[in-house]
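Positions are given from 1, in the same order as the sequence printed here.
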Amino acid sequence: MGERIVMVDSDTGLGLTEGQLDARSAAASVRLRRRGVRAGDPVLVCLPVGPDLLVATDAVIAAGGVVWAVPPGLDTSALRRRILASRARVMISDLPQAMEAADGSRVRMVVSVADLGEGGDARSREGGCR
């Protein structure tokens with residue numbers, strides 16, 4: 001019998017197994033800690049529902065951070081209000097409107113889900129967001 005599937009991506013139909021989730025989350029949590037996420041730090045997570053959201057959420061928790069989930073469908077001003085309220089310095093998102101909404105906030109690093117995998121490199125706000 002195969003490994004248990006914990007989530008299926010509705011867009012691709014690909015399943016995420018328990019082992020894949022554990023491995024991806026562990027690697028991502030190490031990268032978040034290396035980028036300065038510490039116990040109690042708020043970390044914004046603005047991703048659509050899917051495997052990446054699950055991995056990012058698990059990684060933030062494993063790194064000791066507090067997940068501030070932000071719905072990706074919000075308009076820029078509503079998104080900006082949530083970002084400002086969080087007082088977070090790190091945001092995980094691949095969405096251009098989330099990065100635009102972070103202007104003028106405390107967010108200094110926007111990390112894409114791909115950046116949390118092996119070999120990824122987050123961009124600081126001063127160095128240009130992705």
*Asks:* Indicate yes or no: at least one non-hydrogen side-chain atom of D94 is less than 4.5 angstrom from one of L47.
*Replies:*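 SC-SC contact between D94 and L47 confirmed.
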*Asks:* About how many Å separate CD of E18 and CD of Q20, when rounded to the nearest 0.5 Å?
*Replies:*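 It is 11.0 Å, given to the nearest 0.5 Å.
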*Asks:* Salt bridge check, R81 against D75: does any charged N sit closer than 4.0 Å to a carboxylate O?
*Replies:*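 So D75 does not pair with R81 through a salt bridge.
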*Asks:* Considering only heavy atoms from C-beta outward, does the side chain of I83 approach that of M91 to under 4.5 Å?
*Replies:*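 Result yes, sub-4.5 Å side-chain heavy-atom pair found.
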*Asks:* Could you measure the distance from the CD atom of E3 to the CG atom of D22? Nearest 0.5 Å is fine.
*Replies:*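 Here the rounded value is 8.0 Å.
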*Asks:* Please report the shortest heavy-atom distance between R38 and R33, naming the atom on each side.
*Replies:*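 What the structure gives for the nearest pair is NH1-O, 2.8 Å.
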*Asks:* How long is the straight-line distance from SG of C46 back to CG of L74, given to the nearest 0.5 Å?
*Replies:*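 Here the rounded value is 7.5 Å.
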*Asks:* Look at the side-chain heavy atoms of Ile, Leu, Val, Met, Phe, Trp and Tyr, link any pair under 4.5 Å apart, and say whether V8 and L54 land in one connected group.
*Replies:*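 Not linked; separate clusters.
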*Asks:* Would you call L21 and R4 a side-chain contact if the rule is heavy atoms closer than 4.5 Å?
*Replies:*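 Counting from C-beta outward, L21 and R4 never come under 4.5 Å.
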*Asks:* Hey, any chance V90 and L84 share a hydrophobic cluster, counting ILVMFWY side chains that come within less than 4.5 Å of each other, even indirectly?
*Replies:*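 In one cluster: no.
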*Asks:* Could you measure the distance from the CG atom of L116 to the CG atom of L32? Nearest 0.5 Å is fine.
*Replies:*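 Rounded to the nearest 0.5 Å, the CG-CG separation comes out at 5.0 Å.
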*Asks:* In Å and rounded to the nearest 0.5 Å, what is the OG to CZ distance from S29 to R34?
*Replies:*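 It comes to 10.0 Å.
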*Asks:* For M7 versus G50, what's the shortest heavy-atom pair and its separation?
*Replies:*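 That would be SD-C, 3.2 Å.
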*Asks:* So, D41 and R89, do they make that salt bridge, N to O below 4.0 Å?
*Replies:*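 Salt bridge flag = yes for R89 with D41.
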*Asks:* To check you understand the geometry: which heavy-atom pair defines the closest contact between P51 and R24, and what is its length?
*Replies:*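 Heavy-atom minimum between the residues: CB-NH1, 4.4 Å.
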*Asks:* Going from OG on S105 to CG on L79, what distance comes out if it is rounded to the nearest 0.5 angstrom?
*Replies:*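 Reported to 0.5 Å precision, the distance equals 10.0 Å.
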*Asks:* Exactly one of V60, T57, L44 should register a side chain to side chain contact (heavy atoms under 4.5 Å, CB included) with I92. Which one does?
*Replies:*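 For I92, the side chain to side chain contact (heavy atoms under 4.5 Å, CB included) check succeeds only for V60.
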*Asks:* For the pair R80 (side chain) and A102 (backbone), establish whether a donor and an acceptor sit closer than 3.5 Å, ignoring hydrogens and angles.
*Replies:*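 Answer holds: no.
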*Asks:* Looking at every non-hydrogen atom in both residues, tell me the closest pair between W68 and A85 and how far apart they are.
*Replies:*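 Heavy-atom minimum between the residues: CH2-O, 3.8 Å.
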*Asks:* Go through R35 and V111 one step at a time and tell me if the side chain to side chain contact (heavy atoms under 4.5 Å, CB included) criterion holds.
*Replies:* CA-CA 10 Å; R35 289 182 171 91; V111 182; 4.2 Å; yes
*Asks:* Under a 3.5 Å distance rule, please check whether R31 uses its side chain to pair with a backbone N or O of G117 as donor and acceptor.
*Replies:*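 Answer holds: yes.
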